[in-house]
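See below for the structure under consideration.
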Amino acid sequence: MKNKSSKIVFLFALLFLAVMGSSLNGSNHEQANAQGLSDTNSTGDTNSTGDTNSTGDTNNTGDTNSSSGFYSNKDLFVTSEPSGFGIYEEKNSTSYSPGESIILYIEPVGFEYNNVTDEDGTPLFSIDFGASFLITSSNGTILGGQENVPIGNIISHNQNKEVFIPFTVTQSVPFPAGDYVIIYKITDENSGKTFELNKNITIK
């Protein structure tokens, strides 16, 4: 009876996982948060970063399934919130304590830009991502997750290429000890392309 009760509490907790620190960051972060960006007018034109960013050299720590051209150039667990592109402290294991935040640093490439204008008619570029995640047991049983995780977009005068996503999953209630898989899905909203990252973690 005790095991059944614990399982119910665990599943309930997973359904209410909080995702924190998932705002999109890039080399022009301040412009991404400028006022009045919601009033921009899109021209509908997009420009891909695929030719300049898709070097084929990846440094992934998990399996990646991607739509053509859009993928993660680097994705790894870090010990704290990254302070900039390439500015992070890598976590040297996939083991976490119950209640510990799980922070994944992601560098997407092959995304597209949307041409927008500000209220003065100045042409700008928009980068916009969507995200979701699932948590499964080691045998593939889905335990919980979240769709439509909020990620802010970047509005810039430049076609920013050094873009990263800090994706934090918090244990609102400490997970029981065991092995899990987190499946992250990142969508380039401008092109509709997606990629998935499968990450194994252990709670102990």
Side-chain angles (χ1 to χ4, degrees), residues 7 10-11 13-26 53-111 129-152 162-189 193-204:
K7 184 176 181 181
F10 176 48
L11 293 175
L14 283 172
L15 293 175
F16 289 89
L17 284 172
V19 177
M20 305 184 64
S22 60
S23 59
L24 179 66
N25 289 270
N53 281 348
S54 299
T55 62
D57 297 327
T58 59
N59 187 23
N60 294 339
T61 57
D63 297 329
T64 303
N65 300 308
S66 65
S67 308
S68 69
F70 179 56
Y71 62 94
S72 171
N73 187 57
K74 179 178 291 185
D75 46 85
L76 44 85
F77 290 119
V78 295
T79 59
S80 60
E81 187 77 13
S83 57
F85 181 85
I87 306 174
Y88 56 80
E89 183 177 349
E90 184 174 0
K91 183 177 172 64
N92 294 320
S93 76
T94 57
S95 296
Y96 291 85
S97 302
E100 182 180 359
S101 293
I102 302 163
I103 309 172
L104 183 67
Y105 171 91
I106 307 170
E107 291 180 3
V109 296
F111 51 85
F129 297 132
S132 63
F133 73 96
L134 289 174
I135 297 181
T136 75
S137 63
S138 57
N139 65 9
T141 301
I142 296 175
L143 302 173
Q146 184 174 337
E147 295 284 343
N148 302 317
V149 175
I151 298 182
E162 294 186 342
V163 174
F164 73 99
I165 302 171
F167 202 132
T168 300
V169 176
T170 62
Q171 302 179 51
S172 56
V173 173
F175 298 176
D179 296 323
Y180 304 93
V181 179
I182 305 179
I183 304 171
Y184 301 86
K185 181 178 180 180
I186 306 298
T187 301
D188 174 18
E189 299 290 359
K193 295 178 180 179
T194 65
F195 65 76
E196 290 187 356
L197 303 169
N198 296 342
K199 299 290 184 178
N200 298 305
I201 66 166
T202 299
I203 304 296
K204 62 180 183 179

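All figures in this text were calculated on a predicted structure; none of them were measured in a lab.
A heavy-atom distance below 4.5 Å is not found between the side chains of Thr187 and Phe129. Looking at heavy atoms from C-beta onward, Ile106 lies in side-chain contact with Ile186 at the 4.5 angstrom threshold. Within the 4.5 Å cutoff, no side-chain heavy atoms of Val109 are placed close to those of Phe70. Counting heavy atoms from C-beta outward, Pro108 and Ser72 have side chains that stay 4.5 Å or more apart. Within the 4.5 Å cutoff, side-chain heavy atoms of Leu104 are placed close to those of Leu197. Taking the side chain as every heavy atom from C-beta outward, Thr136 and Tyr180 never approach each other to under 4.5 Å. Annotation: side chain of Phe111 is in contact with side chain of Val163 (closest heavy-atom distance under 4.5 Å). Considering only heavy atoms from C-beta on, Leu134 stays 4.5 Å or farther from Ile182 through its side chain.
Of all non-hydrogen atoms in Ser97 and Ile203, the two that sit nearest each other are C-CG2, 4.3 Å. Taking both residues in full, the closest heavy atoms of Gln171 and Ile102 are given as NE2-CD1, 4.4 Å, listed atom of the first, atom of the second, then distance. Between Thr168 and Glu81, the shortest heavy-atom contact is OG1-OE1, 3.7 Å. Tyr96 approaches Ile201 most closely through the heavy-atom pair CE1-CG2, 4.0 Å.
Distance check: Glu147 CD to Phe133 CZ gives 10.0 Å after rounding to the nearest 0.5 Å. For the atom pair OG1 (Thr202) and CZ (Phe175), the distance works out to 12.5 Å, reported to the nearest 0.5 Å. Here CD of Glu107 is found 6.0 Å from CG of Asn73. Values are rounded to the nearest 0.5 Å. Here Glu196 contributes atom CD and Ser132 contributes atom OG; the two are 7.5 Å apart, rounded to the nearest 0.5 Å.
Side-chain contact, Asn200 with Thr94: no donor N or O sits under 3.5 Å from an acceptor N or O.
The backbone N or O of Asp75 lies less than 3.5 Å from a partner atom in the side chain of Lys199, making a donor-acceptor pair.
Counting non-hydrogen atoms of neighbouring residues, nucleotides and ligands closer than 6.0 angstrom, the NZ atom of Lys185 reaches no more than 12 such neighbours.
Ring geometry for Phe167 versus Tyr184: interplanar angle over 60°, hence perpendicular rather than tilted (30 to 60°).
Listed by chain and residue number, Tyr88, Phe164 satisfy the ring pair (Phe, Tyr, Trp, His ring centres under 6.0 Å) test with Tyr105 (two or more places apart in sequence, or in another chain).
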Step by step, would you call Glu100 with Lys91 a salt bridge (charged side-chain N to carboxylate O under 4.0 Å, His left out)?
-> CA-CA 13 Å; Glu100 182 180 359; Lys91 183 177 172 64; 3.6 Å; yes

